[in-house]
Amino acid sequence: VSSGDSQEDVGDVWASGEKYSRGVLSGVGDYIQYSAWLPAPGTYNVKIRFGKGADLGRWQFYNAGTKFGAQQDAYSNAFAFSEINLGNVIYQTSGNKVFRFRVTGKNNASSGFATAIDYVMLTKR
């Protein structure tokens with residue numbers, strides 16, 4: 001996570017693996033990032049499952065340092081999960097890949113800038 005911020009695992013029976021990752025972020029430009037090992041190069045479809053709630057902000061997904069997909073507004077007056085399909089990305093190499101969620105703002109009704117990421121799913125095409 002960005003300096004001064006933190007991450008926590010939150011138990012939720014509706015989350016995959018019964019928990020999700022919450023980024024406790026304080027403002028625009030802050031981020032949380034994850035990495036995953038990609039076993040083979042190729043074209044992969046990217047899906048993200050994330051929480052929407054009263055204290056969650058707007059974020060932009062970055063894949064290998066490049067903005068990917070549309071900005072997402074994670075505000076909702078009641079917490080629930082949502083899944084988006086960001087399309088396909090081509091990886092030229094296998095290895096460790098980094099995914100970053102950068103805060104771009106917040107809905108006027110939101111009380112914060114947090115993120116609630118359940119998963120980033122890569123499906124080989």
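Values below: all heavy atoms of this structure, side chains included; hydrogens, waters and symmetry mates excluded. Every value quoted in this text rests on a predicted model; they were computed, and no experiment measured them.
Glu83 and Tyr119 share a side-chain donor-acceptor pair at under 3.5 Å. Of the N and O atoms on the side chains of Tyr44 and Asn63, not one donor lies less than 3.5 Å from an acceptor on the other residue. Using a 3.5 Å distance cut-off with no hydrogens or angles, the side chains of Thr104 and Gln71 do pair a donor with an acceptor. In the model, Gln7 has no side-chain atom that pairs as donor or acceptor with a side-chain atom of Asp5 under 3.5 Å. In the model, Asn45 has no side-chain atom that pairs as donor or acceptor with a side-chain atom of Thr123 under 3.5 Å.
Nearest heavy atom pair, residue Asn88 against residue Phe68, reads O-CZ, 3.5 Å. Scanning all heavy atoms of the two residues, the minimum distance from Phe113 to Ser26 falls at CD1-O, 3.4 Å. The nearest pair of heavy atoms linking Ser21 to Tyr34 is OG-OH, 2.7 Å. Listed here is the closest heavy atom pair of Arg22 and Ala114: NH2-CB, 3.6 Å. For the pair Lys19 and Asp118, the tightest heavy-atom approach, listed with the atom from each and the gap, is O-OD1, 3.5 Å. For the pair Ala74 and Gly51, the tightest heavy-atom approach, listed with the atom from each and the gap, is CB-O, 3.6 Å.
The backbone N or O of Gly69 lies less than 3.5 Å from a partner atom in the side chain of Gln60, making a donor-acceptor pair. Looking at Ser110, its side chain never comes within 3.5 Å of a backbone N or O of Tyr75 through a donor-acceptor pair. With Thr115 contributing its side chain and Ile117 its backbone, the two residues share no donor-acceptor pair below 3.5 Å.
Distance check: Leu38 CG to Ser94 OG gives 7.0 Å after rounding to the nearest 0.5 Å. From Leu56, atom CG reaches atom OG of Ser111 across 8.0 Å, with rounding to the nearest 0.5 Å. Taken from OG in Ser6 to CD1 in Ile32, the straight-line distance is 8.5 Å, to the nearest 0.5 Å. For the atom pair Lys47 NZ and Asn85 CG, the distance stands at 5.5 Å (nearest 0.5 Å). With values rounded to the nearest 0.5 angstrom, Lys52 atom NZ is found 11.5 Å from Asn77 atom CG.
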Using side-chain contact (heavy atoms from CB on, under 4.5 Å), reason through Met121 and Val46 one step at a time and then give a plain yes or no. CA-CA 6 Å; Met121 181 187 304; Val46 180; over 6 Å; no

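The side-chain heavy atoms of Phe61 and Leu86, taken from C-beta on, include a pair separated by under 4.5 Å. Between Tyr91 and Lys97 there is a side-chain heavy-atom pair separated by less than 4.5 Å. Inter-residue side-chain proximity for Lys124 and Thr43 is flagged as unmet; no heavy-atom pair is nearer than 4.5 Å. For the pair Asp12/Phe81, a side-chain contact is recorded, criterion being any heavy-atom separation below 4.5 Å from C-beta on.
Under the 4.5 Å side-chain heavy-atom criterion for Ile, Leu, Val, Met, Phe, Trp and Tyr, Val1 and Ile48 are members of the same hydrophobic cluster. Grouping the Ile, Leu, Val, Met, Phe, Trp and Tyr side chains by contacts below 4.5 angstrom, directly or via other members, places Val24 apart from Val103. In the hydrophobic clustering of this structure, Phe99 groups with Phe50; members are Ile, Leu, Val, Met, Phe, Trp, Tyr whose side-chain heavy atoms approach within less than 4.5 Å, directly or through other members. A single hydrophobic cluster is seen to contain both Val120 and Ile84, as judged by linkage of ILVMFWY side chains at heavy-atom distances under 4.5 Å, directly or through other members. There is a path of hydrophobic side-chain contacts, each under 4.5 Å, that joins Val10 to Trp14.
Summarising the local packing, NZ of Lys67 is surrounded by 12 or fewer heavy atoms from other residues, nucleotides or ligands at distances under 6.0 Å.
Taking the six-membered ring where the residue is Trp, the centroids of Tyr20 and Phe79 are separated by under 6.0 Å.
Using bins of under 30°, 30° to 60° and over 60° for the plane-to-plane angle, the ring pair Phe101/Trp59 lands in the perpendicular bin.
Cation-pi geometry between Arg100 and Tyr31 is met: the NZ or CZ atom falls under 6.0 Å from the ring centre, inside 45° of the normal.
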